[in-house]
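Notes to accompany the following structure.
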Amino acid sequence: MADVWLRICGGMIIFIFGNPDLDFDSLPIKLLPRLQQDFPKIEFKALDPNEEWNLPEMAVILDTVVGLKRVTVIDDLTKIKNSPHLTMHDFDAGSNLKYLQKLGKIKQAVVIGIPTDYSPEQALTEIKPIIASLL
């Protein structure tokens, strides 16, 4: 599905979500230099989780996802479980994506989810074929 979007959009951007200050959520940021090196034709954009996102209508995202046992492609945002929302700080990426979709700001998002306990090597081994398939 994402390959069709890329042809329509004329280029490929993968948005990197993560928080370098939280060990369990920093892996996508740590992978960024290696991904840029291995996929020079793709633009990778790191987004701050605490700022407003300006995403295209159809977005490909790399993020850590709590509860995964292996790297997983999530192409249906309804499959993302809501976390408890006690304050705005609890409004995580999944909730924000669902909100943007509900508002009509994005039509679809494909999330390449990484388990929180993966090493960089393990993550790259599973992520690289997925990204290569999008080209």
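We're numbering straight along the sequence, starting at 1. Everything numeric in this text was worked out from a predicted model, so none of it was measured.
Residues Phe39 and Met12 fail the side-chain proximity criterion, which asks for heavy atoms closer than 4.5 Å. Annotation: side chain of Leu35 is in contact with side chain of Leu124 (closest heavy-atom distance under 4.5 Å). For the pair Asp21/Ser26, no side-chain contact is recorded, criterion being any heavy-atom separation below 4.5 Å from C-beta on. In this structure the side chain of Val60 never reaches within 4.5 angstrom of the side chain of Ile131, judged on heavy atoms.
Pairing each heavy atom of Leu31 with each of Ile114, the nearest pair is CD1-CD1, 3.9 Å. Pairing each heavy atom of Leu68 with each of Pro115, the nearest pair is O-CB, 3.4 Å. Contact record, Gly18 with Asp63: N-OD1, 4.2 Å, taken as the closest heavy-atom pair. Closest of all the heavy-atom pairs between Glu126 and Tyr118 is OE2-OH, 2.7 Å. Of all the heavy atoms in Gly113 and Val65, the pair that sits closest is CA-CG2, 3.7 Å.
Each of Thr116, Asp25, Asn19 was compared with Thr64 under the side-chain hydrogen bond (donor to acceptor under 3.5 Å, both in side chains) criterion, and only Asp25 meets it.
Taking CD1 of Ile14 as the reference point, atom CD of Glu43 lies at 10.5 Å (rounded to 0.5 Å). Here the CD atom belonging to Glu121 is positioned 8.5 Å from the CZ atom belonging to Arg34, to the nearest 0.5 angstrom. Atom CD1 in Ile16 sits 8.0 Å away from atom CD1 in Ile112 (nearest 0.5 Å). Atoms CG and CD, on Leu27 and Gln122 in that order, are 9.5 Å from each other to the nearest 0.5 Å. In this structure, Phe17 CZ and Ile61 CD1 are separated by 4.0 Å, a value rounded to the nearest 0.5 Å. Once rounded to the nearest 0.5 Å, the distance linking CG of Leu62 with CD1 of Ile29 reads 9.0 Å.
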